[in-house]
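Data first, discussion second: the structure below is written as structure tokens.
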Amino acid sequence: MTALVDLTLADARIGLNRGDFTSVELTEAHLRAIERRRFLNAFITETPEVAIAQAHASDRRRRAGQVGAMEGLPIAIKDIFCTEGLLTTAASHILDGFRPPYEATVSARLRAAGAVTLGKTNMDEFAMGSSNMTSYYGSVLNPWQRHSAPEIKLVPGGSSGGSAAAVAARLCLAAMGTDTGGSIRQPSSYCGIVGLKPTYGRCSRWGLIAFASSLDQAGPMTRTIRDSALMLGAMSGYDSKDSTSAQVPVPDFEEALTGEIHGLKVGVPCEYRSEGLSPEIVALWDQGIRWLKAAGAESIEISLPHTQYALATYYILAPAEASSNLARYDGVRYGLRKAGNSSLNDMYMQTRAAGFGQEVQRRVLIGTYVLSAGYYDAYYLKAQKVRTLIIRDFQQAFKTVDVILTPTAPTPAFAMGEQMDDPIIMYLNDIFTVPTSLAGLPGLSVPAGLSPEGLPLGLQIIGRPFDEQTVLKVGGVLETAACFTQRPSLAAAT
Amino acid sequence: MVHWIEGQTGLWEIVIGLEIHAQVTSRAKLFSGAATSFGRAPNTQVALFDAAFPGMLPVINAKCIEQAVRTGLGLNAHINKYSVFARKNYFYADLPAGYQISQHELPIVGPGLVAIDLSDGTSRTIRIERLHLEQDAGKSLHDRHPTLSFIDLNRAGVALMEIVSQPDMHSSEEAAAYVRKLRSILRYLGSCDGNMQEGSLRCDVNVSVRRPDEGFRTRCEIKNINSVRFMIQAIEYEAHRHVRVYESGGRIEQETRLFEASSGKTRAMRSKEMVHDYRYFPDPDLPPLTLDDAFIEDIRTSLPELPDQKKSRFINIYGLPAYAAGILVEDRETAEYYETVAKGRDPKTVANWVMTSLFGALHRSGREISDSPISADHLGQLIDLIGDGTISSHIAKSVFESMLETGQEPLAIVTAKGLKQVTDSKVIEQAIDAVMRRHPDKVALYRGGQVKLLGWFIGQVMKATDGKANPTKLSTLLKERLTES
């Protein structure tokens with residue numbers, strides 16, 4: 001029998017239904033795994049007591065015939081979601097001791113569907129980063145290792161690095177992540193798991209600590225496509241408390257996983273084949289195209305002409321929104337306070353200087369700058385216009401194709417300390433994910449192969465707005481073809 | 001009406017533009033469900049959103065949108081079917097999010113017009129530039145502790161309408177008439193209670209002066225004035241200050257100033273160099289607001305009769321002079337009171353009673369018409385008692401005073417006090433005879449040609465009848481008696 005921690009959500013659901021094991025047993029297995037893999041630093045806060053109590057309650061509900069979509073399934077929550085009564089930090093010093101008196105809509109929905117929550121996962125501070133190195137609670141270790149140099153510590157990607165590492169290392173069956181410019185997809189690629197950023201508006205942002213409000217979107221991080229479909233169904237839906245959440249029906253995403261993609265048109269954007277893209281990534285991408293063609297799809301070369309401006313656009317708009325969203329962390333009502341020398345402004349400055357890490361400060365400064373009088377038109381307004389052009393690129397492309405296939409990230413996981421000197425290099429990690437975010441489209445990262453060094457590589461499937469079904473269906477075909485069954489070397493023992 | 005300041009070097013014209021912050025009448029705040037009642041214990045009406053807790057999001061209150069549109073229509077203004085909420089970013093302790101959600105480039109209401117009436121009988125039209133919705137800030141309490149400031153967030157997030165006029169006013173009287181008229185319209189519409197003491201209506205006044213036929217000069221903004229009287233003082237002080245500065249060769253700096261009620265002066269608050277860079281940008285938490293025609297038309301058809309329309313009607317139907325009509329319609333309840341009394345009675349007599357006796361009495365006791373001790377029905381009955389000869393207008397005045405004190409109906413007072421008018425000729429004649437008997441000398445003088453003494457005789461007979469003699473009858477009978485011999 002497969003070890004409990006190696007199960008998929010879907011299989012664990014079957015096992016629970018059959019009575020092969022209880023939610024308490026499943027939860028305890030994961031709590032043990034978390035304990036043994038604490039060196040990964042995947043969690044900021046472990047909540048074993050909460051998890052056990054929820055598991056008992058779930059088992060009781062099951063005996064009473066009440067079985068939700070996520071009934072009894074242990075998952076982890078990125079520490080950017082507010083969780084009622086539980087420490088919520090966004091991996092920032094400035095939220096020291098913050099225990100929200102409310103629960104984010106998406107985590108509340110998962111709990112209402114029966115999910116058991118094991119704890120709050122580590123992340124880049126305020127979701128700003130692609131390495132998980134900006135966390136106040138320390139970096140997360142990628143459970144994968146290079147064949148040639150297993151001693152080199154690799155990053156899990158970011159910002160949902162803790163969630164990605166935890167899912168890959170079998171510390172939870174699935175995890176909630178958030179994606180602003182690639183924060184679900186890039187770490188999923190680096191850790192060899194499935195990560196889905198849904199269409200903007202698919203999942204409520206209420207109770208999600210804001211980084212860039214027009215981009216932030218919650219999504220599932222799982223080990224299989226089916227699991228993402230299952231979890232997305234439990235997370236999504238209109239929420240009257242979020243004015244940007246969409247009033248669209250929530251389909252049964254699992255039903256879309258038919259494997260049938262005959263005649264489906266797959267766009268391959270020529271602009272993504274930039275110079276310097278590593279040969280292993282190019283090879284994997286071509287392999288992905290061949291797999292889909294073999295399944296009956298048609299590949300079509302497309303153009304997304306404004307791709308080259310996407311990263312610059314993102315690094316204007318996201319910091320602009322962040323500079324405003326993060327103004328509330330002032331030391332007055334919650335979190336860290338550094339008393340200044342009697343003046344209010346001094347308290348603000350001391351608190352924010354001590355409470356925000358370097359990357360957050362950098363982005364707050366950039367954001368403040370691009371919104372300032374005299375610079376607004378040249379930066380913010382121009383970036384908004386370019387964003388519209390990028391959206392049009394995709395609209396144009398989706399007139400001829402059904403999905404778009406690209407690599408998720410330009411490289412496999414890099415080592416801690418690499419790429420740290422120049423923030424621009426770090427920002428390049430998001431080059432394939434950011435355009436999708438700016439356009440608000442669904443993007444799915446599917447583990448599709450290993451690099452020569454034995455590190456996972458992901459392919460990204462981009463779909464039309466609110467067409468997660470097609471995205472997941474194509475993802476299912478890639479998953480079957482790629483047959484990615486490798487486990488990371490630092491995964492919990494089976 | 002042209003209003004000039006006569007300086008030592010010539011004439012100066014005052015230029016005034018007003019920004020009025022009117023609190024929207026709504027049970028809940030603009031973007032949260034917290035209540036908006038005034039005067040509750042500090043921090044008892046605060047939603048998590050108002051306190052800017054992480055992850056909290058704004059949800060627009062449809063009632064506030066409706067009120068803004070209603071107000072726009074009442075100001076004859078253009079309603080923008082597409083408007084955008086923007087964040088105005090600045091740090092202050094009573095602004096928890098570090099930004100105020102407001103409207104910047106695309107407000108919900110565009111240009112409009114307000115007609116004002118002036119005391120010389122002329123009217124003017126003041127142009128409205130825009131009306132936008134925004135959140136109020138919390139309140140900082142600096143007087144509760146020697147070294148700490150306390151924050152009350154009850155007001156944080158309450159909906160305000162900022163109504164911006166063009167610089168169309170040229171005297172403090174015009175500015176005052178504009179504020180009163182705007183307040184009147186808002187109260188008719190029910191979109192703002194207009195209570196200046198409670199801060200539901202606050203004015204920022206922009207003042208500059210200029211030479212005749214010259215372009216605009218530098219203006220100063222006087223913030224947060226909460227009474228019309230203070231606004232008049234502030235404008236007068238500020239305009240004369242500008243004239244003094246210019247005439248002594250100085251320069252006026254663009255700055256924000258505060259009015260101090262104690263001294264009647266304004267003083268600098270912050271200069272242009274210290275002006276905030278608010279870094280406005282569209283709030284990504286709120287999609288642009290779009291209104292459809294049906295929504296706007298529904299509100300338009302539900303609008304009440306507004307002061308200007310009511311005034312024309314009062315002039316046409318009741319034949320009132322424009323000035324009186326203007327005063328009677330300023331307040332919706334006054335107008336309703338008047339119309340209740342005027343029904344079936346002489347409109348001018350009623351207007352006279354309401355505007356002199358009743359307004360005077362209310363003013364003396366500091367009451368509003370809504371809690372007048374004399375109901376409209378009772379005032380009507382009083383006027384009827386004069387009309388049917390039961391009492392004289394002279395007696396009516398004292399009955400009116402008793403009604404004020406007791407709230408009783410006039411007939412009860414008249415009966416209880418025996419104030420019924422004496423119309424019986426015999427009774428009056430007896431009184432006349434008694435007076436004539438007592439003053440044969442005066443009778444002789446009258447008959448000798450001093451007819452002016454008639455008034456004196458009337459007074460004497462009135463005194464003898466406790467003022468109850470019907471004056472017309474008395475006068476006729478007295479003349480007969482005095483001329484007989």
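All values derive from a computational prediction rather than experimental measurement. Every chain is numbered from 1, with letters handed out A, B, ... down the list of sequences. What you see below is based on every heavy atom in this structure, not just the backbone, and it leaves out hydrogens, waters and symmetry mates.
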Out of B:Gly55, B:Pro54, B:Pro284, B:Gly98, return the one with the most heavy atom pairs under 4.5 angstrom to chain A. B:Pro54
Interface moiety of A:Tyr200 toward chain B, non-hydrogen atoms closer than 4.5 Å: side chain
Looking at OH of A:Tyr376 and CZ of B:Arg279, how far apart are the two atoms once the value is rounded to the nearest 0.5 Å? 12.5 Å
Heavy-atom side-chain proximity of B:Val59 to A:Ser240 below 4.5 angstrom: no
Checking A:Ala320 against chain B: side chain, backbone, both or neither under 4.5 Å from a heavy atom? backbone
Select one option (side chain, backbone, both, neither) describing which atoms of A:Thr88 are under 4.5 Å from chain B's heavy atoms. neither
Minimal non-hydrogen separation, A:Ser324 against B:Asn89, with atom names: OG-OD1, 2.8 Å
Counting only heavy atoms closer than 4.5 Å, note whether A:Asp242 contacts chain B via side chain, backbone, both or neither. both
Without swapping roles, check the side chain of B:Tyr278 against the backbone of A:Ala373 for a donor-acceptor pair under 3.5 Å. no
Verify the neighbour count for atom CZ of B:Phe295: are there more than 12 heavy atoms of other residues, nucleotides or ligands below 6.0 Å? yes
Are any non-hydrogen side-chain atoms of B:Phe91 and A:Arg352 less than 4.5 angstrom apart? yes
So B:Phe53 and A:Phe98, would you call those rings parallel, tilted or perpendicular, with 30° and 60° as cut-offs? tilted
With side-chain contact (heavy atoms from CB on, under 4.5 Å) as the criterion, how do A:Asn325 and B:Arg87 come out once you've worked through the C-alpha distance, each side chain's angles and the decisive distance to 0.1 Å? CA-CA 10 Å; A:Asn325 282 333; B:Arg87 293 187 185 174; 2.8 Å; yes
Which atoms form the tightest heavy-atom contact between B:Pro96 and A:Asp330, and what is the distance? O-OD2, 4.0 Å
Flag if over 12 foreign heavy atoms under 6.0 Å of NZ, A:Lys338: no
Please flag which part of B:Asp285 lies under 4.5 Å from any non-hydrogen atom of chain A: side chain, backbone, both or neither. both
Could you go through B:Ile151 and A:Arg333, starting from their C-alpha distance and side-chain angles, then the distance that decides it, and tell me whether this counts as side-chain contact (heavy atoms from CB on, under 4.5 Å)? CA-CA 11 Å; B:Ile151 304 295; A:Arg333 297 167 309 285; over 6 Å; no
Measure distances from B:Tyr92 to the heavy atoms of chain A and classify the residue's part below 4.5 Å as side chain, backbone, both or neither. both
Have B:Tyr99 and A:Arg328 got a donor and an acceptor in their side chains that come within less than 3.5 Å? yes
Which atoms of A:Tyr329 are under 4.5 Å from chain B, going by heavy atoms: the side chain, the backbone, both sets, or neither? side chain
For A:Tyr137, look at atom OH and say whether over 12 heavy atoms of other residues, nucleotides or ligands are found less than 6.0 Å away. yes
Around B:Arg219, counting heavy atoms of other residues, nucleotides and ligands shown, do more than 12 lie under 6.0 Å from its CZ? no
Counting only heavy atoms closer than 4.5 Å, note whether A:Leu215 contacts chain B via side chain, backbone, both or neither. neither
Any donor-acceptor N/O pair, A:Ser243 side chain to B:Pro58 backbone, under 3.5 Å: yes
For the pair A:Arg205 and B:Leu57, evaluate side-chain contact (heavy atoms from CB on, under 4.5 Å) and give the outcome as yes or no after the intermediate values. CA-CA 8 Å; A:Arg205 293 187 298 113; B:Leu57 296 171; 4.0 Å; yes
Which region of A:Leu344, side chain (C-beta onward) or backbone (N, CA, C, O), has a non-hydrogen atom less than 4.5 Å from a non-hydrogen atom of chain B, or is it both or neither? side chain
Specify whether B:Phe281 and A:Tyr380 have parallel, tilted or perpendicular ring planes, treating 30° as the upper limit for parallel and 60° as the lower limit for perpendicular. perpendicular
Distance (rounded to the nearest 0.5 Å) between A:Thr244 OG1 and B:Leu286 CG: 9.0 Å
